[in-house]
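Since the structure comes first, as C-alpha cells, the remarks are kept for the end.
Just so we're on the same page: letters track the sequence lines, and every chain starts at 1.
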2 protein chains.
Amino acid sequence: MTPPTAKPHSGASTVGSNREQVRQHNLSAILRLLRQFGTMSRSALTQRTGLNRSTISDLVTELQELGLIVESEASATQGVGRPSLMVSFSDEVVVFAVNPETDATTVGVVTLSGKVITKVRHPHSTVPSASVSVETTTKLIAELRTQLPVEFRIAGIGVAIPGQIRVEDGVVRLAPHLNWVEVPFARMLHQQTGLSVFIDNDASLGSIAERDLGAGRGFSEIVYLFGGAGGIGGGVIHGGLLLRGAAGYAGELGHVRISDSPREDYSGLQGTLESLVQRDDLLAALKISSADDAELEEVLSKPVTAKVQKLLESQIDALAIAIGNYVNIFNPEIVLLAGYLGVLYSYDRDRLLSRFRWSTLTAPQDRLLVKPAELGPNLLMIGAAGLPIAPLLAEPAITQLFPARGK
Amino acid sequence: MTPPTAKPHSGASTVGSNREQVRQHNLSAILRLLRQFGTMSRSALTQRTGLNRSTISDLVTELQELGLIVESEASATQGVGRPSLMVSFSDEVVVFAVNPETDATTVGVVTLSGKVITKVRHPHSTVPSASVSVETTTKLIAELRTQLPVEFRIAGIGVAIPGQIRVEDGVVRLAPHLNWVEVPFARMLHQQTGLSVFIDNDASLGSIAERDLGAGRGFSEIVYLFGGAGGIGGGVIHGGLLLRGAAGYAGELGHVRISDSPREDYSGLQGTLESLVQRDDLLAALKISSADDAELEEVLSKPVTAKVQKLLESQIDALAIAIGNYVNIFNPEIVLLAGYLGVLYSYDRDRLLSRFRWSTLTAPQDRLLVKPAELGPNLLMIGAAGLPIAPLLAEPAITQLFPARGK
DNA sequence: TCTATATTGTTCCCTAAGGCAACAAATACA
DNA sequence: TGTATTTGTTGCCTTAGGGAACAATATAGA
C-alpha cells in the first residue's frame, strides 16, 4: 500500500547520488518543463535540459511507456530542418482536487497540464464536520471515478483547506472557520478512498498554482497574498519552491503584526494585517450582505461615500505597509495580490504603490513587480491538484498510479 | 582569469544531470559533511551519503589528490572490526575573510574547517571611503600572503559588509554607516588582488556562520536576528540555504514595521524593530559612553534604575512581537538572537518568551527553540570565509585555487 | 596466546546511462 | 531540383557507482 501521505520535500536522508537518482532527476526535469510550458518540442527539451538528443529520445520513450506523456507531429512548422516532435502530458492521468468550505465542498478532476476536466460543488446547509466532509468527498470521488474512461489512471488526491496544516502527516491543526481542531484529514480520506492523499493550506496552494500556471509563471521569488471572506493568507515561493518551514505552517502572512491597534483578527492576534483589512468591513460600509470579488469591483468602479472611501484608504495603507515589510524580508521578483486584495489594488493602485514605497528600502524595489493574481475560480482546484502531481513529477518511474475503476 | 565574482547559487541554467555533475555532487556531498561534522571516518561517510564503500574510497582519493582533504589513522578506537580512516579538511587551503567597519578593517585567514588562523585589525581614524578600504585590505592581504607557507593555496576572499549588497556582481548598494553608495567593491578588490572576491551583508553571513559552525548546526530552518551598534539585521536559512531573494537583499528583518510609532530607524523607516530597539538608547539610559555586549551583560546582571528597567522591557516587548511575526512567517525550527539581542534575551528570558507566545499562532510554536547565538568575536570572520568556501565545496574539481605566493 | 567474529579498505568486474558520431529523414530556400 | 539545415535514430564508447571476494585490523572469549 501507499502511505497516506508522502513528504513534499522528498529530501532523501542520504546525500549521495547514484545512477538511478540521475535517471529520476532527468525524467523529472522533462516533466517539470512540460508543466511550465505546456507543450514542448523535443529539440526545445534538448536545449532546456542541456542533455544530448539521444538521451532525450531515450527519456521521452520511457515516459511514454509510463503513460505520462504523448508525442505528436508538429502542427505549425517553425523553420528550416526536420520538424521536431511535440511532447505533451497525457490527458489520461488525472488527480482529484478537493476544497472543503463552510458552505460547500468542491471536488474537481484535473489533468497533469492543469486543465480542470470536471468540477462538482456539493452545498452544505450547516458547516460540515470533518467526518461529514470526508464522507461527502468520498462519495463525490466515487461518482466521478465511474464517469472516467477505464484507461484513465489516478495519481492521487490533493486537498486545499483554510487552516493550519501539518503537511508531513496531513493533520489539520486548526481550521477556525470550519471549526476543525487536530483532524487527521489525510488519513481519514485515504482510508475511505484507498488513494494517496495530500493536504495543505489553501493560500499556500494558491501561490503554487499562480507560480505554475498563473501570473507567477517563470518567476522563482514570489510573495503571494490572498484575501478572502475568511481572512488573509499567503504563500512565499523561494528558489521556485514553496516556503513551508519546519512543519508546513510557514506563510501565515496575514497574521503578522504591523500596528499597535488592539483590533483582533480571526485568530485573536492584535494589530495584524488581517485585523486591519477585513472584507466584511467594506461590505458593512457599503450595506451589502454578500458579493463576490467581481461584483465588489463593479460597485467600487462607481463613486462611493466619504466613509467608504476612508475605509478603503485605511485598508490600502495597511496593505501597503505589509507589502513593504515582505519586500524587505524576501526581496521578491513579484508580489501577487489575489481575491479581495486584488480588489483593493484595482481601486487605488497609485495610492497602494506610493505608500508601499515609503515603507520599503530602496534596493529591493529594483525591478519589483506588484500585480494582481491571474487565476480565477479554478485557482484552488489547480493548486490542490499540484499536491499529488508534485511527487509524480519528482519520481515518475517510482510513483504508483491507481486505475480509474479499481477499488 | 577567474571572474571577479561567481554566483552563490550556481544554479545551472540547464536542468538535466550528466555524469560529471553527479561526480561533482558526490565530491561536494563529502565536503559538506566534513564542513558540518569536522572530522569524519570513511565508514561514517559511507553511511551518511548512502554510497558504496568502494565509491567513497574513490571519491576520497580524488579529493586527496585535489589537496582538499587529508586522511589519518583513527586515534581513538571505536569498537570491533578494522578501524576506519579519519577524513578531515586539509589546513593548507585557506580563504581571506574581510570586515570593513567604521572604525577599523579586519582581515583574517580562515581554513576550510572554519578555524581562524590569523586575524589582523587595522584601525581607521576616520570612516574609510571604499577606495581607502580596498587599499587597506589589499595591503593587509599582501602581508598575510607573504607569511603563509609556500605550499598553501587560497580559495578566495569573502567580505562581510554592513549594508545592502547585490550579490550577483558584488556591488554595495548602500552601506549607511560607512557612507558607501553604489560601490562595486568586489570588482575593485579583485582588480587589486587577482583573487576571487565574494561579498555579502554582514547579518546574512552571521546566519550562515551560525548554521555551519554555531548554534544552528544541524538545523535547516533558522531565523537569525543580530543587533549591533549599527542597527538590526537578520538572516533566514530555509532548506539549509540562505534566503537571498531576487538580488540578495532579502533578510532585512530589522526594517520591518511592527508599530505605528513615528520613530525612525537608521534607514528612515518608521515604527520598525530597529527603530524601537536601539542599543544606544540603553547606553544613554545607563549613562555609559561605550561598552561591548559582554560588558553590557555584566552591568545588567546588577540592579538597574526603574527608567532603565522600563526601557529594557519596552525593547524586549518589541523584540517579542518581531519574533512572533517571523515565527508566523517562517515556521522555523530555531530562532537565534545574536549581539545586543542576545543581551536582551539574557536580561529577561521569561518576559521575552511569554510575550512572544501571545503574538504567535499556536501551531508553529511546536518544538520551536529560541536561543542566543553561540559564535563570538570570530562570527563575521567565519561567515565571510563561508562565501568563497561555498563554491569550492559545490564544485571541488572545477574551482580554481590560487598559490599563496603567486601574483 | 590463540581463535572466532566483526568491520573496514582494496581490487576487479559488471552495469547502466549519458555522450558522440554517422546516417537517415524532413523541412526551407535559392 | 539541389543544397543547407535541423532533427530523430542507431550503434558504440566512456565513466562512475554497485557488488563480491579477499585482505587487514580491531574486539571478545576461552
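- Here the P atom of nucleotide D:dT7 and the CD atom of A:Glu71 are 14 Å apart, to the nearest Å.
- A close approach under 4.0 Å does occur between a side-chain nitrogen or oxygen of A:Ser43 and OP1 or OP2 of D:dT7.
- No more than 12 heavy atoms of other residues, nucleotides or ligands sit less than 6.0 Å from atom CD of B:Glu20.
- Contact between the side-chain N/O atoms of A:Asn18 and the OP1/OP2 oxygens of D:dA16 is not found at any separation under 4.0 Å.
- Taking the side chain to side chain donor-acceptor pair (under 3.5 Å) definition, one finds that B:Thr111 meets it with B:Ser113, sequence neighbours left out.
- Put simply, CD1 on B:Ile30 is 9 Å from P on D:dG17, counting in whole angstrom units.
- Within the structure, a side-chain polar atom (N or O) of A:Ser84 is placed less than 4.0 Å from OP1 or OP2 of D:dG8.
- B:Arg42 has a side-chain polar atom (N or O) that falls below the 4.0 Å cut-off from OP1 or OP2 of C:dT10.
- Counting any heavy atom pair closer than 4.0 Å across all strands shown, A:Asn26 reaches sugar-phosphate atoms only and no base atom.
- Whole-Å rounding puts the B:Leu51 CG to D:dT15 C1' distance at 16 Å.
- Rounded to whole Å, the distance from CG on A:Leu59 to C1' on C:dA16 is 13 Å.
- Taking the side chain as every heavy atom from C-beta outward, B:Val70 and B:Ser88 approach each other to under 4.5 Å.
- Within a 6.0 Å sphere centred on CD of A:Glu151, heavy atoms belonging to other residues, nucleotides or ligands number more than 12.
- For the pair A:Gln21 CD and C:dA17 P, the computed distance is 13 Å after rounding to whole Å.
- In this structure, A:Ile56 places its CD1 atom 9 Å from P of C:dG18, rounding to the nearest Å.
- Rounded to the nearest 0.5 Å, atoms CD1 (B:Ile69) and CG (B:Leu63) are 4.5 Å apart.
- Picking from C:dT10, D:dA26, C:dA22 the nucleotide with the shortest atom distance to the side chain of B:Pro83 gives D:dA26.
- Among the atoms of the strands shown, base atoms are found under 4.0 Å from some heavy atom of A:Asn52.
- Side-chain nitrogen and oxygen atoms of A:Thr55 include at least one within less than 4.0 Å of the OP1 or OP2 phosphate oxygen of C:dG19.
- Mapping A:Ser41 and B:Glu73 onto DNA chain D by nearest heavy atom places A:Ser41 closer to the 5' end of the strand.
- Nucleotides of DNA chain C nearest to A:Gly50 and A:Arg82 differ in position, and the one nearer the 5' end is that of A:Gly50.
- Between the CD atom of A:Glu20 and the C1' atom of C:dA17 there is a distance of 11 Å, rounded to whole Å.
- B:Arg23 comes within 4.0 angstrom of the backbone, heavy atoms only, and of no base.
- With a 4.5 Å cut-off on side-chain heavy atoms, B:Arg23 and B:Leu27 count as touching.
- Whole-Å rounding puts the A:Arg53 CZ to C:dA17 C1' distance at 18 Å.
- With hydrogens and angles left out, the side chain of B:Ser54 and the base of D:dG17 share no donor-acceptor pair within 3.5 Å.
- Two residues, A:Val80 and A:Arg19, neighbour DNA chain D, and the one matched to the more 5' nucleotide by heavy-atom proximity is A:Val80.
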